[in-house]
Amino acid sequence: MSTTTTTAPSGGARAAAATADYLDQRTGVGKAVKEFARKIFPDHWSFLLGEIALYSFVTLLISGVFLTMFFVPSMTEVHYDGPWRELQGVAMSEAFASTLRLSFEVRGGLLMRQIHHWAALIFMAAIVTHMMRVFFTGAFRKPREINWVVGFVLMILGLAAGFSGYSLPDDVLSGNGLRITDGVVKSIPILGSYLSYFLFGGEFPGHDIIPRLFTVHILLVPGLILALIALHLFLVVLHKHTQYPGSGRTNANVVGFPLFPVYVAKAGGYFFLVFGVIALMGATMSINPVWNYGPYDPSPVSAGAQPDWYMLFLEGSLRMMPGQLEYMIGDYTLSLNVLIPAMVVPGVLFMLLALYPFVEAFATGDKREHHVLDRPRNRPYRTAFGVSVLVAFFILVLAGSNDLIATHFHLSINDITWVFRFLLFLGPWAAFVVTKRICLALQRKDRELVLHGHETGQIVRFASGEYIEVHKPLDAHERWLRVQHEAIRPLEIEPAEDSRGVRRKGYRADALRQRLSRVFYEDRIEPVTPAELEAAHSHGDHDALGSDQEKAPAEILAGGAPVGGGTHLVAGPSDETGPDARNS
């Protein structure tokens, strides 16, 4: 005879259960949590880039709340009376004085300042790298075009948050940045001077810019970023996560792990890793020592004065622009030497990124949903275009440090500037051509591997005296990876006139789309077809080697565990049993 004892739940467990039941009956949150917890997410290291951006932003919020309690956003003039002897009695704004007090007198203040600054740099780096991953793998395709625009706006808001926060201490370095901003605003035709007076509350530097930047930095921009992050994550969950190509992975499934408990545990641990690394950097790596720069004074401008890395491209654009492009039109000065590098060049780069998903969709005419990512080599034009934009960005970043390059390497700053001017036009073009050729070469290598297999170095002699090298065949999974992409060809359109000689409506738009698709897909390498694979594996006397690579494609795909897709290798009824046959 056996007895069973039941342990009654503890008081804490009963209270938690009662609270959960109370909320569920009044909000229906239980169903949402249950559905969300079972959401499947794929596992790949590159997906962590977006998490680094998110956790860096959380670190910014935590450290920013601390700094807000001690920073005084005022441009009222005071005389410093604190522990930093070099600035004793020096006139400065309350903003700069409170920054010094944060650094030297508030316990943990300098650590928090440096954590906040490093987190901002890593936040922007993670956003840019995350967008690069999304771009090069084609994760922006339908239905994620809106999410790409949301991510793009998040990047712009990150720039705004970084610039507004960087300018708050009112030191010499940030003041020079505001002086440049004033010049850029005044270069806008007709409206420039009015906008400058509005922003600064009078003639530069005015008395209102620091309080206004403070409001933008702690309220407006963070609020918008939080709202867009929520929208971004909602769209990720709504559309389901993209996944890298591989056997068994299709547009109709997601291969990975559930959010709870796997990714909840991973995300929690990863947050503490990111926070720990940022805290270690803040504790050991000095950044923005404003006490060495002094309060803002419009007269000194030292060499080596650069903004944070994410704004260096704008600095480089201004430094490279010739200064002669300034014209008087009546009573107005048209400063093209400021307007073009500060607004036109960044505007072109940003608009190319923002609109690219829509341009590519227009060129392909593809209306289908895509949840499986591209290998960058299989989209040569997109990959080459992305690399060319990055090269232009890096050239502008280097140009923003032309004085440091000149002093460190004992070179002429004028020669360096001229080199960067030429590189800005030649570098992206050369990067585009080279990258596109590399992608096409990698596709040819994939074709060779699928048709012939991996080289083994084993030489065999036949009775006829012929020597051949034995190749190791690809398994079904590797073959699938190398042939799963679609062969996108330039669009074909109907003639300009119908059978009665009447000009067809919409022909001009179709002709534009056709020309654009030729730019994208004229140069391409076709994936291996079943017929090509069969021909490559028919070797006559070589079949005596008895290798698995001599099997017919259908036999190889049918044997062992079924692998997904392979639309270019699906041939015959025997292949329709695979999990992706419905997508063929």
Side-chain angles (χ1 to χ4, degrees), residues 244-250 372 374-381 383-384 433-490 521-584:
Y244 282 91
S247 56
R249 301 175 184 179
T250 72
V372 178
D374 288 327
R375 300 175 77 200
R377 68 181 63 183
N378 294 332
R379 296 292 178 262
Y381 184 89
T383 304
V433 173
V434 172
T435 303
K436 189 174 181 181
R437 292 298 105 191
I438 290 175
C439 290
L440 294 172
L442 290 173
Q443 288 189 61
R444 292 190 184 95
K445 182 63 176 179
D446 284 346
R447 280 185 58 88
E448 180 184 343
L449 288 174
V450 171
L451 293 174
H452 304 295
H454 294 284
E455 296 180 356
T456 64
Q458 181 183 356
I459 307 299
V460 176
R461 181 188 179 191
F462 288 95
S464 62
E466 179 185 2
Y467 289 89
I468 68 164
E469 180 183 12
V470 178
H471 286 70
K472 178 183 177 181
L474 277 62
D475 60 33
H477 298 278
E478 186 179 1
R479 183 185 303 111
W480 154 247
L481 180 65
R482 298 181 185 278
V483 301
Q484 50 80 30
H485 62 284
E486 297 173 306
I488 302 179
R489 302 176 179 88
Y521 303 112
E522 191 73 44
D523 296 331
R524 65 188 185 280
I525 304 297
E526 298 286 345
V528 176
T529 64
E532 289 175 320
L533 188 63
E534 186 72 34
H537 289 178
S538 298
H539 296 151
D541 292 340
H542 300 179
D543 294 339
L545 293 174
S547 170
D548 285 343
Q549 69 178 354
E550 308 305 327
K551 295 180 181 179
E555 292 180 80
I556 296 175
L557 287 177
V563 295
T567 55
H568 301 290
L569 291 180
V570 174
S574 61
D575 295 326
E576 295 177 359
T577 58
D580 299 322
R582 63 184 179 276
N583 296 326
S584 301

S.K.: Are the side chain of Q484 and the backbone of G246 linked by a donor-acceptor contact shorter than 3.5 Å?
M.R.: no
S.K.: To the nearest 0.5 angstrom, please state how far the CZ atom of R377 sits from the CG atom of L442.
M.R.: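 It comes to 4.5 Å.
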S.K.: Quick check for you: to the nearest 0.5 Å, what is the distance between D446 atom CG and N378 atom CG?
M.R.: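 One gets 6.5 Å once the value is rounded to the nearest 0.5 Å.
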S.K.: For a 4.5 angstrom cut-off between non-hydrogen side-chain atoms, does L533 reach R479?
M.R.: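 A side-chain contact exists here, since the closest heavy-atom pair is under 4.5 Å.
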S.K.: With a 4.5 Å cut-off on side-chain heavy atoms, are V450 and R447 touching?
M.R.: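 No, every pair of side-chain atoms sits at 4.5 Å or beyond.
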S.K.: Please check this pair: side chain of T456 against backbone of V470, looking for a donor-acceptor N/O pair closer than 3.5 Å.
M.R.: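 Answer holds: yes.
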S.K.: Measuring only between side-chain heavy atoms, which start at C-beta, is Y521 closer than 4.5 Å to R489?
M.R.: no
S.K.: Determine the minimum heavy-atom distance between P376 and T383, stating which atoms define it.
M.R.: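 Closest approach of P376 to T383: O-OG1, 2.6 Å.
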S.K.: Listed by chain and number, what are the side-chain contact (heavy atoms from CB on, under 4.5 Å) partners of L449, not counting sequence neighbours?
M.R.: K445, H454, L474, R482
S.K.: Would a 4.5 Å heavy-atom cut-off, applied to side chains only, mark H485 and P245 as touching?
M.R.: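 Sidechains of P245 and H485: no contact.
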S.K.: Is the closest side-chain heavy-atom distance between D523 and R437 below 4.5 Å?
M.R.: yes
S.K.: I need the minimum non-hydrogen distance between Y244 and V372, along with the two atoms involved.
M.R.: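 Where Y244 meets V372 most closely, the heavy atoms are C-CG1, 4.4 Å.
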S.K.: Quick one, H471 and E455 - any side-chain contact, counting heavy atoms below 4.5 Å?
M.R.: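 Touching, per the 4.5 Å side-chain cut-off.
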S.K.: Are side-chain heavy atoms of E526 and E532 found at a separation under 4.5 Å?
M.R.: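 Not in contact.
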